[in-house]
Enquirer: 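Quick one: the structure is below, and I'll ask about it shortly.
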Amino acid sequence: MSDNGPLYLGFDLSTQQLKAIVIQSDLHVVSDAKVDFDADFGSKYGIKKGVLLNDAEGEVYAPVAMWLEALDLVLKRLQDKQTPLNRISGISGSCQQHGSVYWSREAETLLAELSPDATLVDQLNPKAFSHPYAPNWQDHSTQHECDKFDAKLGTADRLAAVTGSAAHHRFTGTQIMRLRRKLPEMYAATSRISLVSSFLASLFLGAVAPMDISDVCGMNLWDISANKWSEPLLELAAGKDGVAELHRKLGEVRQDGGGSMGGISSYFTAKYGFSPDCQVAPFTGDNPATILALPLRPLDAIVSLGTSTTFLMITPVYKPDPSYHFFNHPTTPGQYMFMLCYKNGGLAREKVRDVLPKPEDSSDPWANFNKHALVTPPLDIKLESDRAKLGLYFYLPEIVPNIRAGTWRYTCNAADGSALEEVEKPWAPETDARVIVESQALSMRLRSHNLVHSPGEGQPAQPRRIYLVGGGSLNPAIARVIGDVLGSTDGVYKLDVGGNACALGGAYKAVWAFERADGETFDELIGKRWKEEGAIQKVDDGYRDGVFQKYVNVLGAFEEMEARILKVAKNT
Ligand SMILES: Nc1ncnc2c1ncn2[C@@H]1O[C@H](COP(=O)(O)OP(=O)(O)O)[C@@H](O)[C@H]1O
Ligand SMILES: O=C(CO)[C@@H](O)[C@H](O)COP(=O)(O)O
């Protein structure tokens with residue numbers, strides 16, 4: 001580490017952890033720290049995997065007080081590691097998307113008057129909030145509101161064209177509409193509503209921060225082409241007479257992903273030794289920040305294997321569809337982020353893993369899962385006459401397709417996907433290890449085919465490179481199966497800080513926010529400083545001729561399987 005020069009701090013407030021990463025202007029990582037919600041606060045807040053559940057209503061939510069405690073703790077951990085916090089010039093970050101925090105009328109004063117002699121939680125909780133909880137992206141309590149959102153502009157297609165997405169349970173507009181109906185007094189007592197990203201930025205600013213131009217697309221309320229709040233959708237969420245009030249609560253949206261929103265609150269300078277010159281850049285969602293963790297090129301895809309599994313690409317073409325999401329790019333106007341998001345990602349793979357006998361080597365809980373994922377051949381076709389195996393493993397109600405919780409196993413003819421049939425008796429749990437990852441990847445392949453084309457002569461349409469990030473990127477067997485199904489002519493890579501990718505994207509965003517020359521784009525600045533060596537590692541060859549085609553043969557059957565299940569098991 002050079003012992004002078006500015007440093008930049010990036011955060012990731014995701015479902016299960018708060019991570020922080022400190023980098024130099026040349027993007028070199030200097031320090032990091034994390035708070036694990038279950039390990040650090042599980043017993044105090046009664047959470048599991050970072051959240052609380054009300055199964056009767058499908059609610060999933062997180063205590064805001066826990067996040068306040070987590071922020072003090074992660075900063076203390078950075079301090080304990082002798083991180084020179086006084087050299088931090090700028091802060092940005094990424095946060096789980098769609099969650100919302102409800103501030104009380106006292107919030108602005110309390111934020112502005114934070115004293116370093118007490119903790120954030122003691123000073124802000126509960127007085128600064130009108131609601132103690134933030135709905136989590138896994139919440140599925142809003143089907144009634146989703147139906148209304150899809151109908152409001154005519155069709156789900158139309159809603160997707162305007163807001164980038166059809167109605168989704170977790171999207172903030174549907175959540176606000178439901179909370180207003182269920183808790184009218186709480187809604188009336190709310191002065192401002194933040195996304196998780198603008199909430200975390202607010203703590204650093206000591207004032208309620210504006211929402212970010214990319215993260216705001218996860219609300220079903222922002223008209224992307226018109227670049228403003230959609231009046232009819234605000235009216236749906238807030239009622240006929242409530243449009244101006246909701247607009248006030250949401251505030252104006254910051255158009256520039258870079259620059260400073262203001263200086264750091266004196267709470268942090270006095271308590272942790274930050275410089276009073278340290279500036280706060282807009283924070284964004286964890287998925288938009290992930291595409292900032294490396295210079296992503298067209299035809300590159302990122303698969304984020306966190307609590308959720310997401311598939312991300314960037315494109316200059318706005319081509320929305322109800323089965324996926326479009327967001328404004330977090331730094332570059334005119335570019336968009338394409339996203340698929342699955343609730344049944346990491347936690348579903350853990351469920352399949354946990355049915356298998358515990359590995360003898362307890363240092364790797366994934367050892368058995370990985371062994372079986374690798375020894376099982378593609379689609380479990382051992383002999384030419386074998387039928388291909390497909391499955392859906394939805395321990396939670398899924399997003400795409402909108403299917404309730406359940407597990408389904410099917411087989412079809414391997415050559416052409418014909419004669420699709422549900423199996424009567426589950427196959428061995430060892431086989432599930434491969435089939436779950438294959439099926440997750442088949443779903444991504446099915447829904448992303450419009451965005452990929454042939455990377456070179458004679459090659460089938462597929463990504464050029466796949467980058468794996470998130471906790472699951474440490475897993476070589478998952479990398480192999482993803483490469484088998486999705487291809488990628490240049491191979492599958494993992495980020496060296498795979499589990500910290502969105503925090504790193506947040507830190508890169510801070511570097512760009514404060515060091516950009518006039519008109520210099522994120523890609524131009526980061527592209528010049530980013531060195532592939534040491535930043536990424538090739539973990540799989542990706543495209544394998546012959547194997548890739550096996551999955552082409554069953555893609556139609558996979559789609560048909562989903563459609564059949566959707567008929568009988570749609571979320572209601
Ligand atoms: N070696 C591994 N193989 C597969 N999955 C893993 C491995 N290590 C961690 N994970 C998964 O990573 C998930 C956490 O990823 P992370 O990106 O830190 O989550 P989040 O950002 O959603 O809090 C866990 O649910 C866990 O199942
Ligand atoms: O809902 C989505 C994206 O639409 C999720 O991807 C959340 O943004 C949470 O992500 P992780 O906690 O898994 O990082």
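As the structure lists them, so they are numbered: ligands from 1, and atoms in each ligand from 1. The shown structure was predicted, so the numbers you read here are calculated from the model rather than taken from an experiment.
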Enquirer: Among all the protein's non-hydrogen atoms, which is closest to atom 9 (C) of ligand 2, and how far away is it?
Expert: Trp137 NE1, 3.2 Å
Enquirer: In terms of relative ring orientation, are Trp512 and Phe522 parallel, tilted or perpendicular, with 30° and 60° separating the classes?
Expert: perpendicular
Enquirer: Going by atom type alone, with no hydrogens or angles, which donor-acceptor pairs under 3.5 Å involve a side-chain atom of residues 172-179 and a protein atom two or more places apart or on another chain?
Expert:
| residue | atom | partner | partner atom | Å |
| --- | --- | --- | --- | --- |
| Thr172 | OG1 | His98 | O | 3.0 |
| Thr172 | OG1 | Gly218 | O | 3.4 |
| Thr174 | OG1 | His168 | O | 3.2 |
| Thr174 | OG1 | His169 | O | 3.2 |
| Thr174 | OG1 | Phe171 | O | 2.8 |
| Gln175 | NE2 | Asp139 | OD1 | 3.0 |
| Gln175 | NE2 | His169 | O | 2.8 |
| Arg178 | NE | Ser141 | O | 3.3 |
| Arg178 | NE | Ser141 | OG | 3.4 |
| Arg178 | NH1 | Glu59 | OE2 | 2.8 |
| Arg178 | NH1 | Ser141 | OG | 3.3 |
| Arg178 | NH2 | Glu57 | OE1 | 2.8 |
| Arg178 | NH2 | Glu59 | OE2 | 3.2 |

Enquirer: Are more than 12 heavy atoms, taken from residues, nucleotides or ligands other than Tyr133, located less than 6.0 Å from that residue's OH atom?
Expert: no
Enquirer: Determine whether more than 12 heavy atoms belonging to other residues, nucleotides or ligands lie under 6.0 Å from atom NZ of Lys538.
Expert: yes
Enquirer: If the threshold is 4.0 Å, N to carboxylate O, is there a salt bridge linking Glu145 and Lys152?
Expert: no
Enquirer: Are Asp80 and Lys76 close enough for a salt bridge, meaning some N to O gap below 4.0 Å?
Expert: yes
Enquirer: Distance under 4.0 Å to a non-hydrogen atom of Gln97: what atoms of ligand 2 satisfy this?
Expert: 3 (C), 7 (C), 8 (O)
Enquirer: Starting from atom 14 (O) of ligand 2, locate the nearest protein heavy atom and write down its residue, its atom name and how far away it is, to 0.1 Å.
Expert: Asp286 OD2, 2.7 Å
Enquirer: By number and element, which atoms of ligand 2 are closer than 4.0 Å to a non-hydrogen atom of Met339?
Expert: 3 (C), 4 (O)
Enquirer: Number the atoms of ligand 2 from 1 as they appear, then name those within less than 4.0 Å of a heavy atom of Thr310, with their elements.
Expert: 6 (O)
Enquirer: Can you sort out which atoms of ligand 2 are near Thr307, meaning under 4.0 Å from one of its heavy atoms?
Expert: 13 (O)
Enquirer: Starting from the N and O atoms of ligand 1, find every protein N or O within less than 3.5 Å and list the pair with its distance.
Expert:
| residue | atom | partner | partner atom | Å |
| --- | --- | --- | --- | --- |
| ligand 1 | 3 (N) | Trp366 | NE1 | 3.4 |
| ligand 1 | 3 (N) | Asn475 | ND2 | 3.0 |
| ligand 1 | 8 (N) | Gly471 | O | 3.4 |
| ligand 1 | 15 (O) | Gly471 | N | 3.3 |
| ligand 1 | 17 (O) | Gly471 | N | 2.9 |
| ligand 1 | 18 (O) | Gln17 | OE1 | 2.9 |
| ligand 1 | 18 (O) | Lys19 | NZ | 3.0 |
| ligand 1 | 21 (O) | Ser14 | OG | 2.8 |
| ligand 1 | 22 (O) | Thr307 | N | 2.9 |
| ligand 1 | 22 (O) | Thr307 | OG1 | 2.5 |
| ligand 1 | 23 (O) | Ser14 | OG | 2.9 |
| ligand 1 | 23 (O) | Gln16 | N | 3.2 |
| ligand 1 | 25 (O) | Gln16 | NE2 | 3.4 |
| ligand 1 | 25 (O) | Glu350 | OE2 | 2.9 |
| ligand 1 | 27 (O) | Glu350 | OE2 | 2.3 |

Enquirer: Do me a favour and list the nearest non-hydrogen protein atom to atom 4 (O) of ligand 2 with residue, atom name and distance?
Expert: His98 NE2, 2.5 Å
Enquirer: Considering only protein heavy atoms, which is closest to atom 1 (O) of ligand 2, and at what distance to one decimal place?
Expert: Arg170 NE, 2.9 Å
Enquirer: Which heavy atom of the protein is the closest neighbour of atom 2 (C) of ligand 2, given with residue, atom name and distance?
Expert: Cys341 SG, 3.5 Å
Enquirer: Give a yes or no on whether Lys249 atom NZ has more than 12 heavy-atom contacts from other residues, nucleotides or ligands under 6.0 Å away.
Expert: yes
Enquirer: When the ring planes of Trp67 and Phe199 are compared, do they come out parallel, tilted or perpendicular, using 30° and 60° as the limits?
Expert: tilted
Enquirer: For Phe327 together with Tyr336, are the ring centres under 6.0 Å from each other?
Expert: no
Enquirer: Flag Ser14 as yes when one of its N or O atoms lies below 3.5 Å from any N or O atom of ligand 2, and as no otherwise.
Expert: no
Enquirer: Look at atom 5 (C) of ligand 2 and say which protein heavy atom is nearest, naming residue and atom and giving the distance to 0.1 Å.
Expert: Ser308 OG, 3.5 Å
Enquirer: For ligand 2, which atoms sit closer than 4.0 Å to a heavy atom of Gln96?
Expert: 8 (O), 9 (C)
Enquirer: So does Glu69 pair up with Lys44, basic N to acidic O under 4.0 Å?
Expert: yes
Enquirer: Under 6.0 Å from the ring centre and within 45 degrees of the ring axis: does the NZ or CZ of Lys228 meet both conditions for the six-membered ring of Trp222?
Expert: no
Enquirer: More than 12 non-hydrogen atoms from neighbouring residues, nucleotides or ligands closer than 6.0 Å to NE2 on His449, yes or no?
Expert: no
Enquirer: Check Arg353 with Asp432, please: is the shortest side-chain N to carboxylate O separation under 4.0 Å?
Expert: no
Enquirer: Please state which protein non-hydrogen atom is closest to atom 3 (C) of ligand 2 and give its distance, to 0.1 Å?
Expert: Asn287 ND2, 3.2 Å
Enquirer: Considering the heavy atoms of Thr15, write down every atom of ligand 2 situated less than 4.0 Å from one of them.
Expert: 11 (P), 12 (O)
